[in-house]
Amino acid sequence: MSGTEQVRPEVVAAIVTALQETDPSNLPADATRAEKDAAKDQYLSGMVADRVQRDRQTRAWELLLTRSHDDPPSWSQLFDELPQSSIDQLADLYDALPEGAQTEYARRYGAPVSA
């Protein structure tokens with residue numbers, strides 16, 4: 001295949017799906033090197049993005065859980081206990097917050113502009 005031929009998105013998607021599901025049975029037999037490379041790039045980019053999001057979620061939980069509780073606290077109670085520095089950091093992590101924490105944050109401070 002010459003460098004001017006286009007990469008077929010459906011073939012790239014099929015390869016990415018096979019990689020995600022670790023199931024080579026649906027790999028397209030006619031996939032080109034360019035399509036395999038594009039699929040590998042897409043798959044690895046997704047893995048990195050997932051890891052970054054998990055790291056952001058972990059950091060958000062670390063900020064929210066400032067101490068242990070005898071009974072499960074409400075979102076309101078958790079936010080009542082937060083120092084201002086944590087609230088500022090949570091604004092940057094808003095998309096990584098659990099839904100209940102997003103709701104409480106937005107109720108108190110409004111949704112951050114970046115959300």
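Basis for what follows: all heavy atoms, side chains included, without hydrogens, waters or symmetry-related copies. Remember, it's a predicted structure, so these values are computed and weren't measured experimentally.
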With R51 via side-chain hydrogen bond (donor to acceptor under 3.5 Å, both in side chains) - residues at least two apart: none

With the 4.5 Å side-chain cut-off for hydrophobic clustering, are [X] and [Y] part of the same group?
{"X": "I87", "Y": "L64", "result": "yes"}
{"X": "L82", "Y": "L78", "result": "yes"}
{"X": "V11", "Y": "L27", "result": "yes"}
{"X": "L65", "Y": "Y94", "result": "yes"}
{"X": "I15", "Y": "M47", "result": "yes"}

Quick check for you: to the nearest 0.5 Å, what is the distance between [X] atom [atom1] and [Y] atom [atom2]?
{"X": "D92", "Y": "R56", "atom1": "CG", "atom2": "CZ", "value": "7.5 Å"}
{"X": "T103", "Y": "R107", "atom1": "OG1", "atom2": "CZ", "value": "10.0 Å"}
{"X": "E35", "Y": "Q42", "atom1": "CD", "atom2": "CD", "value": "12.0 Å"}
{"X": "R108", "Y": "D80", "atom1": "CZ", "atom2": "CG", "value": "4.5 Å"}
{"X": "D55", "Y": "D50", "atom1": "CG", "atom2": "CG", "value": "11.0 Å"}

Carboxylate-amine/guanidinium contact D37 R33, below 4.0 Å: yes

Between R8 and D30, does at least one N-O distance fall below 4.0 Å, as a salt bridge requires? yes

For S74, side chain to side chain contact (heavy atoms under 4.5 Å, CB included) partners two or more places apart: S76, Q77

What heavy-atom pair brings [X] and [Y] nearest, and what distance separates the two atoms?
{"X": "L63", "Y": "S86", "result": "CD2-OG, 3.6 Å"}
{"X": "A91", "Y": "P112", "result": "O-CG, 3.6 Å"}
{"X": "A96", "Y": "A60", "result": "O-CB, 4.5 Å"}
{"X": "A34", "Y": "V7", "result": "CB-CG2, 4.0 Å"}
{"X": "L19", "Y": "A39", "result": "CD1-O, 4.4 Å"}

Would you indicate whether Q84, at its atom CD, is surrounded by more than 12 heavy atoms from other residues, nucleotides or ligands within a distance under 6.0 Å? yes

Taking the side chain as every heavy atom from C-beta outward, state whether L90 and F79 have any atom pair closer than 4.5 Å. yes

If you look only at pairs with a residue in residues 14-72, which of them pass as a ring pair (Phe, Tyr, Trp, His ring centres under 6.0 Å), with sequence neighbours excluded? W61-W75

